[in-house]
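Step one of this worksheet: look at the structure below.
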2 protein chains.
Amino acid sequence: MLTSHRRKHILDTLRKTGAIIAKDLSAELNISEDTIRRDLRELAAEGLLQRVHGGAMPSSPAMGNFAARLNVATDEKKIIGRAAAAMIRRGQVVILDGGTTAVQIARHLPSELRATVVTHSPTIAVELVEHPTVEVILIGGKLFKHSVVAVGAPAIENISKIRADTYFMGVTGIQAEAGLTTGDFEEAHVKRALSASAAETIVLASSEKLNAVSPYVIAPLSAVTGMIVSDQVKSKTLAPFSRLGITITRAQRK
Amino acid sequence: MLTSHRRKHILDTLRKTGAIIAKDLSAELNISEDTIRRDLRELAAEGLLQRVHGGAMPSSPAMGNFAARLNVATDEKKIIGRAAAAMIRRGQVVILDGGTTAVQIARHLPSELRATVVTHSPTIAVELVEHPTVEVILIGGKLFKHSVVAVGAPAIENISKIRADTYFMGVTGIQAEAGLTTGDFEEAHVKRALSASAAETIVLASSEKLNAVSPYVIAPLSAVTGMIVSDQVKSKTLAPFSRLGITITRAQRK
DNA sequence: CTCATTCGTGCACAAACATGCAAATTCGTG
DNA sequence: CACGAATTTGCATGTTTGTGCACGAATGAG
């Protein structure tokens, strides 16, 4: 095992899981804890992670405290992200939304996958810089700081010039009558435009979003072609959606 | 076995497996480790791979080391960043380039400053999410991973719709005859467009850039209205520039 | 407070390294 | 083919780097 391999593995694990424990790494890589600690110390010195007692956390210099939110991504979001990433085929053009679940998709893209990712989230763009083969198209506009995505007329105009295969949409609420809803007016507009630019719209529905309603309507459920939910969700809850012809993917815990 | 054959085999293996261990190659090719090491040393000198202890890895310019670059910003870049940030007045619209120096500007913006920042760098955008009062306009386009900035026709079109007060430009080289130069063709185009959209163009010239020349010309020095350099630079070095009517700000170490 | 982990440092040993040199190989030229 | 020059290779040398262990200090949980 090459030293630099080990370091890379540490950083990859950190990006995917959001935290690492020295003892676990030691067991997983068959190497002494001292060496792991040394690695963590030096990676921290390069600013690539932040040390904590017992292990390390991401420092993500480009992500500030938004990083904090990213790393408390629930297991559910990671599972959904992994399932979504697995749906992407070679050569496709996919749209990734802002939001923590979409970040999980980006982190789980297979490293050999040749595809194009369109996104209005600078966070996703920065995340994908490290991916060796994925091409990234960044949608510009006025930055809506709360969600860290570009919005506004310029964003929508640029989106209209794109034809994508699949849009993975994050929402605040998905419910039978109200349809897809979110917490910001501008963001709703952008999501609608993104959906219109994609052949398929797949909603990333972590369980707290199901049957929740937010103030601003993005689109009715007819705009949705698929949903990804975790396998814990009861099929009874999903019945209204599958009745509308929406393909439901139940993401399996590994 | 011919030398060039062996080297080709090394590079092929590297591309295929993503890493190379000197000892393995030695066994596989029935050749001493010394010779392998010599090969690796020379291939590294040609930039075809990156040496690590025990073997080699792909040179992959886009990989990970951008995050590292951000945090090893020299003192010089920090004081240039601080000086640039201090020049921005309330209500102004400023353009921030990609690059490590521009990140320093973003980090030194006074927290009460109400201004608009235009940028084609997702890194800068994410950085400024934490700023309470600055508005951010993100320029989209195809992501150029090496510099982590948006480039291409869509980027330039969007830039043309903006009228900014000041553009803080990062360069790879600034020199009297060649003018402003950088290492990527697309990036040069974008920088030229940004300069055209701003009333003033101020070049961030850390000392290693002064009198350096890179392959792609951004613009002649006539496009420049000001430069920021660190106070260590000799005024003799700057004479050719001030003679052209360029205002030179010498950033003071605190 | 007490106590079990976790950390950091000094140290010893092994692996990987650069360098100089001589033998072996390849190449060019007549 | 012959022969000298240039290159390539392997080995010996001393140096640097990575690893694990020991021990005392620091940290966090109960």
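Residue numbering restarts at 1 for every chain, and letters A, B, ... go by the order of the sequence lines. None of these values were measured; they are calculated from a predicted model.
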Q. Could you give the angle between the helix axes at the two ends of the helix from C/dC1-D/dG30 to C/dG30-D/dC1, with five pairs per end, rounded to 10 degrees?
A.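 It works out to 50° between the end axes.
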
Q) Closer than 4.0 Å, any side-chain N/O of B/T35 to the OP1 or OP2 of D/dG10? A)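 For D/dG10, OP1 or OP2 has a side-chain N or O of B/T35 closer than 4.0 Å.
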
Discussion item. For a quick test of reading the model: is some side-chain N or O of A/K23 closer than 4.0 Å to OP1 or OP2 of C/dT5?
Written reply: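 False: A/K23 side-chain N/O out of range (4.0 Å or more) of C/dT5 OP1/OP2.
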
Note to self: Run the side-chain contact (heavy atoms from CB on, under 4.5 Å) test against A/P215 and tell me which residues pass, sequence neighbours left out.
What the structure shows: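 Here no residue qualifies.
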
Please enumerate all residues that pass side-chain contact (heavy atoms from CB on, under 4.5 Å) together with B/A86, with sequence neighbours excluded.
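Partners of B/A86 under the side-chain contact (heavy atoms from CB on, under 4.5 Å) test: none.
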
Among all residues two or more places apart in sequence or in another chain, which pass the side chain to side chain donor-acceptor pair (under 3.5 Å) test with [X]?
X      : answer
A/S207 : A/E76
A/T181 : none
B/T172 : B/T182
B/R7   : B/D39, B/E42

Atom [atom1] of [X] and atom [atom2] of [N]: how far apart are they, to the nearest Å?
X     : N      : atom1 : atom2 : value
A/N30 : D/dT19 : CG    : P     : 13 Å
A/R7  : D/dT17 : CZ    : C1'   : 11 Å
B/R6  : C/dT26 : CZ    : P     : 12 Å
B/L40 : D/dT9  : CG    : P     : 13 Å
A/I36 : C/dC7  : CD1   : P     : 11 Å
B/D39 : D/dT9  : CG    : P     : 7 Å
A/H5  : D/dT19 : NE2   : C1'   : 19 Å
B/E42 : D/dT8  : CD    : P     : 8 Å

We want to know whether A/T101 and A/K77 form a side-chain donor-acceptor pair, criterion being a heavy-atom distance below 3.5 angstrom.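 A/T101 vs A/K77: no donor-acceptor pair found between side chains.
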
Lys/Arg-Asp/Glu bridge criterion (N-O < 4.0 Å) met for B/K23, B/E33:
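Looking at B/K23 and B/E33, the cut-off is not met.
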
Under 3.5 Å, which protein N or O atoms sit close to an N or O of nucleotides 17-20 of chain C? Give each pair with its distance.
| residue | atom | partner | partner atom | Å |
| --- | --- | --- | --- | --- |
| C/dC17 | OP1 | B/R51 | NH2 | 3.2 |
| C/dC17 | OP1 | B/G54 | N | 2.7 |
| C/dC17 | OP2 | B/R37 | NH1 | 2.6 |
| C/dA18 | OP1 | B/R51 | NH1 | 3.4 |
| C/dA18 | OP2 | B/R41 | NE | 3.2 |
| C/dA18 | OP2 | B/R41 | NH2 | 3.3 |
| C/dA18 | OP2 | B/R51 | NH1 | 3.2 |

### salt bridge (charged side-chain N to carboxylate O under 4.0 Å, His left out) partners of A/D12, counting only residues at least two apart
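Checked A/D12 against salt bridge (charged side-chain N to carboxylate O under 4.0 Å, His left out); matches are A/K8.
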
